[in-house]
There are 2 protein chains.
Amino acid sequence: MICFQIKFQFYYIYRVKKTIFTFAALVLAILALFQLSKYSVIAGDTSIETIIAIIAVIFFVIGIVINRRILHKKKKPTQEINYQKIEELGLSKREYEVLCQIAMGLSNKEIAEKLFVSESTIKTHVSNMLVKLDAKRRTQAIQIAKELQIIPL
Amino acid sequence: MICFQIKFQFYYIYRVKKTIFTFAALVLAILALFQLSKYSVIAGDTSIETIIAIIAVIFFVIGIVINRRILHKKKKPTQEINYQKIEELGLSKREYEVLCQIAMGLSNKEIAEKLFVSESTIKTHVSNMLVKLDAKRRTQAIQIAKELQIIPL
DNA sequence: CTAAATTTCATACTTTAGTATGAATGCTAT
DNA sequence: ATAGCATTCATACTAAAGTATGAAATTTAG
């Protein structure tokens, strides 16, 4: 049990502190470059242009890679739900629950079983919900609800 | 008329060739840096480390900026439609059209009017489409189609 | 506590959705 | 040419969805 915990901890550190390790490696690489360039210049066997070009390319690539990592991580297309709109429409808690289940593609019977009520109850909720959303059908209700951002895409 | 065309052409060149101009400016900047660094080294009034550090920072920033520009341009949250999947499912053109109209919340009757065919034709398409999508209802078909990314969100 | 709103359920009814079957037409590729 | 597929349409049927009405129990807010 403890073994598992330790394993998990190491894994966690690895995942979270990955960026820090990357930066540490980067700093070391830079220092190495400094030394290399110094010796090269002193020895006179490498032109200053070559060194600068190499450094430029390296950091250009590093800039792109890091930027891509950061953008990639926060690229969560999570739809924010407009709870205020739900209240504005006057949708009750139960009506909203039913709406969500409809959007999942469930039938009235299936929703009834899932929410532990009778099918006629669901029908009542659906009917009231449709009026409040100004929809004629459940499919239209889904479309409208997604447009109003009251259910996830 | 010709004037407008010329104006448009210049605008077009400006828009499309912007990147090229940017790179041209970049190359000039690099050449200038080369000259500057050379003179500095010869004059001995700037250390090699400083020059390298400056170059590194400059290109690091350039890398980030260029990357951000590119990502920003193609960062349209437009859901790409998986046309290959549509073929894999064996959906015909008409069946797919009907599916899209269903997702818009239309009834069979409304779809029939929109596509200038009878309601029974739509029913046939819907029935075949449901089998191919392995859905029991049209609402479920919408959900599955969105998951498979064959219709826009 | 009481009035209003929500949730629940039922019954009866109408409308829409979906299935099954059969058939005619047109397009396409071998 | 012809076999296969897509499209079209019809009829008859079953299933699901949605409406209307009434009513009881529960929750919530003033």
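No hydrogens, no waters, no symmetry mates; every other heavy atom, side chains included, goes into these values. Letters go in sequence order (proteins before strands), and every chain restarts at 1. Please read these numbers as outputs of a predicted model, since none were measured by experiment.
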Separation of atom CD1 in A:I111 from atom P in C:dT8, rounded to whole Å: 13 Å
Assign a letter to each nucleotide of nucleotides 7-18 of chain D from its 5' end: B, base within under 4.0 Å of a protein heavy atom; S, sugar-phosphate only; -, no contact. SBBB------BB
Do A:I102 and B:I102 belong together in a cluster built from hydrophobic side chains that touch within less than 4.5 Å? no
Detail all sub-3.5 Å separations between protein N/O atoms and N/O atoms belonging to nucleotides 27-30 of chain C.
none

Taking 4.0 angstrom as the limit, do B:K132 and B:E88 come out as a salt bridge? no
Under 3.5 Å, is there a donor-acceptor pair between the A:Q101 and A:E97 side chains? no
Do the side chains of A:E110 and B:R137 get close enough for a salt bridge, i.e. N-O under 4.0 angstrom? yes
Would you kindly give the CD1-to-C1' distance between A:I122 and C:dT6, to the nearest whole Å? 14 Å
Please give, in whole Å, the distance from C:dT8 C1' to A:E97 CD? 14 Å
I'd like to know if the side chain of A:S118 pairs up with that of A:T121 as donor and acceptor (distance under 3.5 Å, no hydrogens or angles considered). yes
With heavy-atom distances below 4.5 Å as the criterion, would you say the side chains of A:Q143 and A:T139 are in contact? no
Is there a chain of hydrophobic side chains (I, L, V, M, F, W, Y, each step under 4.5 Å between heavy atoms) that links B:I142 to A:V126? no
Student check: side-chain heavy atoms of B:V117 and B:I111 closer than 4.5 Å: no
